[in-house]
Amino acid sequence: MEQNRSSFTGKIGFVLAAAGSAVGLGNIWRFPYLAAQYGGGIFLLTYIVLAVTFGFALMVAEIAIGRKTGLSAISAFGELSSKYSFIGYLGAIVPMIILPYYCVIGGWVTKYMTVFMSGFGKSAASDGAFAGFISQVNEPILWFSIYLGLTALIVLLGVEKGIEKVSKIMMPILIILSIFIAVFVAFMPGAIEGIKYYILPDFKNFSFTTVLAAMGQLFYSMSLAMGIMITYGSYMKKSVSLESSVKQIEFFDTGIAFLAGLMIIPSVFVFSGGDKAALGKGPGLMFETLPKVFANMYGGEIIGLLFFVLVFFAALTSSISLMETVVSIFQDKFKLSRVKSCIVVLLISVALGVPSSLGNGALAWFKIIGMDILSFFDFISNSVIMPIVAFLTCIFVGYVIKPKTLVDEVEITGKFKGKKLFNVMIKYIAPIFIVCILIFSLLEAFGVIKV
Ligand code: PHE
């Protein structure tokens, strides 16, 4: 991968490719259910504040590290300072943990897409349809395998570029469709309460876990703290403005997450008759509420189909980027051929993905610190390893290579407007903040303190 490093043609090419990795299930599936669960408006506010401060600084840092070294994560840290390549290794574990369960959810999307395609969209709207589906043994595993196989096939055939092209056309359509659905939902009886819950912050709902959840979501959604943006940065041309690219990626990513919340959270209020417990549904939220919206819509079968096709492609570009990362690590580090490392990654994904799928049914009795298997993988990567990687990245940039090294990289194309913010975030605020949040939320999770 290090040889023949090709560059993205221009700014728009870079922004769209990075946004293709960033925009995925994290925005459409994960963000709304977290926002619903962690207090609505207060979660949204926390997320946006984190995105424009901390997320901005970390994304600038990662892309600058990549562009400066021209290397992917593992080698990039080592290149800048030889003792620190372990940060790259630690970050590399994350996509390996995420990929398997990402494909389980990708499988659910594939199933819903085919259900709407075959004209049975209404059946997905009935109560219990989703719970019935994910608690089975064979069917979810079958869809998981199809989705994972497809991702692997694309990576293996090296046709990512084609898929990316398709998804570039689809992203704007996804945005327009989301706005349409959100407006439709807003006019349903009871939706206003949901919109208020989602937009207006209520500080009563604030807790440290809200902040931890928002921070984990930030990493996940923007593909940070796992080396991916470093790799993307390594393909970025020196003539492209890094700062404004980061702003655009963040804008895209946050905008789509916001719209997804605006579709899904008010519909929870519409269909639960005001029962707040429905907000805590977790990973199933999107799959339970949206089919009900489509069932109530004139032409809902077609809109539903279009929606799931778009989500499918958004997810696919992300899982390709996840798998591509892991495959190239195996290729580089274990000197495996591309085919062999693809097979190894497939085997690991099946080994971790099948239990994640079964955790919703046959293995539901099996809990790790109170979580089902999929939620545990999600927790350990987003709420534990990624904060640690982000913390180490801040320390590395702030005190080892010094922010100026990266500021210079950003300033190749002109003034770095967010320089002060970048310096202060990376050196002081972000590292202290991450440590505090990690400690407090762990204490909270284990019941030592109560907020
Ligand atoms: N950011 C992607 C999403 O929101 C997930 C992802 C994480 C993709 C890491 C690639 C790498 O769905």
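One-based numbering, in listed order, for ligands and for the atoms of each. Side chains included, hydrogens not; waters and symmetry mates left out as well; all remaining heavy atoms used. Model, not experiment: these values are computed from the prediction.
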Summary of salt bridge (Lys or Arg N to Asp or Glu O under 4.0 Å) pairs that have at least one residue in residues 97-111, sequence neighbours excluded: Lys111-Glu139
Test: Glu409 and Arg67 ion pair at under 4.0 Å: yes
Geometric class of the Tyr220/Tyr101 ring pair [parallel <30°, tilted 30-60°, perpendicular >60°]: parallel
Lys247 and Glu243: CA distance, side-chain angles, deciding distance, salt bridge (charged side-chain N to carboxylate O under 4.0 Å, His left out) verdict: CA-CA 6 Å; Lys247 286 189 180 152; Glu243 185 176 19; 3.6 Å; yes
Heavy-atom side-chain contact between Leu285 and Phe130 under 4.5 Å: no
Minimum side-chain heavy-atom gap Asn382-Val94 below 4.5 Å: no
Per-ligand residue contacts, ligand 1, heavy-atom threshold under 4.0 Å: Ser21, Ala22, Gly24, Leu25, Gly26, Asn27, Tyr102, Tyr220, Ser221, Ser223, Met226, Ile228, Ser318, Ser321, Leu322
